[in-house]
Each structure stands twice: as structure tokens, then as C-alpha cells.
Amino acid sequence: RLYNKFLPQLEEQGMKFLYDKIVMGGIRVLQEISFNGLCMDKELAADLVVKYRQVVEDIHTNIQGYPAVKKLIRLLAQEKMDKYNNTHKNQKDIECFMEPFNPASTQQKAKLIFDVLGYKVLKTSKTSGNASVDKGVLEEYAKKDKLCAKLIEYAKVGKLLGTYIEPVVPK
């Protein structure tokens with residue numbers, strides 16, 4: 001029933017060809033894959049996992065080298081030290097509490113962007129009400145800050161690896 005309703009609109013907008021060849025053609029391919037499965041080059045898939053894990057690790061390492069990230073790591077270490085050990089505050093104690101920056105952590109990204117880099121809050125999260133560091137916000141800051149661009153790249157490659165590459169590799 002919907003086909004008959006929308007067919008004139010597809011023809012009017014010159015999109016009938018796209019619907020017939022792309023959408024319906026794609027459905028047939030997905031249906032065939034669903035019934036028959038698909039053939040995968042296991043070695044190529046395993047190589048892609050190794051390659052993309054290395055890319056993620058390289059981006060992660062690059063991010064750790066930014067002065068703002070180093071400042072954040074010290075700030076977080078100081079906060080941990082204050083929480084667990086108020087009596088001794090020297091250089092060695094702070095180093096014991098230092099951990100690498102986690103670019104996948106929303107809280108750490110927010111602290112980096114708003115507390116260390118000093119950017120203004122563009123929007124807040126609907127669920128928590130906290131300052132948002134979603135992709136749109138990072139893209140806005142990435143126009144003037146290479147670190148924010150690196151955070152976007154890290155998320156993009158990590159998503160590609162975790163969603164589309166690793167799950168399909170035969171165990």
C-alpha cells in the first residue's frame with residue numbers, strides 16, 4: 001500500500017531509478033547474505049584487525065603527547081592523591097597516581113576540554129545535564145584545535161575497529 005502511495009513522489013523527484021536499483025537491489029543482496037552467509041578472507045580480516053589496532057594505538061600515543069593532556073594527567077593524579085592521601089604531597093607521590101589519558105572517557109574528555117583547554121560549553125547532555133563532548137561539539141572545537149581533531153579521529157577509527165572489523169573476524 002505504501003509503495004502505491006509513494007511511487008508518484010519517487011517518479012516526480014526522479015528517484016525511481018535509485019529506489020529500484022539501489023534500495024531494492026541492496027535488499028536482495030542482504031537477503032541472500034542472510035540466507036547463505038558470506039565468504040571471508042580470514043587472513044585479510046586478521047591483518048585488518050592488527051592494522052587498525054595499531055592505528056588506534058598510534059593515535060592514542062599521539063594524544064598523550066599534547067601538553068594539555070599532560071596537564072590533565074597531572075590534574076587527575078593530584079585529585080586522586082588528594083582523595084586517598086592528604087598527608088604527603090611531593091613529586092614522587094603524584095607520579096604514583098598518574099595514568100594515561102583515556103580518549104574514550106567522556107568525563108576525561110570533558111575535563112580536558114572545559115577545565116584544561118578552557119573552552120565554553122556549547123551544549124549539555126540531555127540525560128545527565130553535564131557539558132556535552134559529543135561529536136558535534138568536538139567538530140566545532142576541532143576547527144581551531146588539533147587535539148580535538150585527534151579525539152574525533154580516535155573515536156572514528158575505534159568505532160570502525162570495534163563495530164565493523166573485530167566482530168566479523170572468525171575466532
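Start at 1 with the first residue, then count along the sequence.
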With a 4.5 Å cut-off on side-chain heavy atoms, are [Y] and [X] touching?
X      : Y      : answer
Thr124 : Ser132 : no
Glu99  : Leu76  : no
Lys70  : Gln64  : no
Asp134 : Lys123 : yes
Leu18  : Val23  : no
Tyr66  : Lys150 : yes
Leu112 : Lys71  : no

Check for a donor-acceptor pair, side chain of His60 on one end and backbone N or O of Phe101 on the other, with a separation under 3.5 Å.
->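 Pair found, side chain donor or acceptor close to backbone of Phe101.
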Spell out, as yes or no, whether a donor-acceptor pair under 3.5 Å connects the side chain of Ser34 to the backbone of Leu30.
->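 Side chain of Ser34 to backbone of Leu30, a donor-acceptor pair under 3.5 Å: no, none is there.
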Can [Y] be reached from [X] by stepping across I, L, V, M, F, W or Y side chains whose heavy atoms are under 4.5 Å apart?
X      : Y      : value
Val168 : Tyr52  : no
Leu161 : Tyr164 : yes
Ile27  : Phe35  : no
Met24  : Met15  : yes

Less than 4.0 Å between a side-chain N and a carboxylate O, is that true for Glu79 and Lys111?
->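 Yes, this pair counts.
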Under-4.0 Å salt bridge between Lys156 and Glu153 =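 Glu153 and Lys156: not salt-bridged.
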Apply the test side chain to side chain contact (heavy atoms under 4.5 Å, CB included) to residues Glu166 and Arg53: give CA-CA distance (whole Å), side-chain angles for both, the deciding distance (0.1 Å), then the verdict.
-> CA-CA 10 Å; Glu166 285 178 331; Arg53 281 185 183 157; 2.8 Å; yes
Please report the interatomic distance [atom1]([X]) to [atom2]([Y]), rounded to the nearest 0.5 Å.
X      : Y      : atom1 : atom2 : value
Phe97  : Arg74  : CZ    : CZ    : 13.5 Å
Ile73  : Glu95  : CD1   : CD    : 12.0 Å
Ile59  : Asn62  : CD1   : CG    : 8.0 Å
Lys5   : Leu2   : NZ    : CG    : 7.5 Å
Glu140 : Asp145 : CD    : CG    : 12.0 Å
Glu139 : Cys148 : CD    : SG    : 11.0 Å

Run the side-chain donor-acceptor check on residues 40-51: report pairs under 3.5 Å with partners two or more places apart or on a different chain.
| residue | atom | partner | partner atom | Å |
| --- | --- | --- | --- | --- |
| Asp41 | OD1 | Glu43 | N | 3.2 |
| Asp41 | OD1 | Leu44 | N | 3.1 |

Report the relative orientation of the aromatic rings in Tyr119 and Tyr141; use parallel for angles under 30°, tilted for 30 to 60°, perpendicular for over 60°.
->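 Ring orientation, 0 to 90° scale: parallel.
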So with a 6.0 Å cut-off around NZ of Lys135, is the heavy-atom count from everything else above 12?
->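 Open.
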Can you name the closest pair of heavy atoms from [X] and [Y] and give their distance?
X      : Y      : value
Pro167 : Gly162 : CG-O, 3.1 Å
Ala142 : Ile152 : CB-CD1, 3.9 Å
Leu151 : Pro103 : CD2-CB, 3.9 Å
Ala110 : Val133 : CA-CG1, 3.7 Å
Leu72  : Gln108 : CD2-O, 3.7 Å
Ala131 : Phe114 : CB-CE1, 3.4 Å

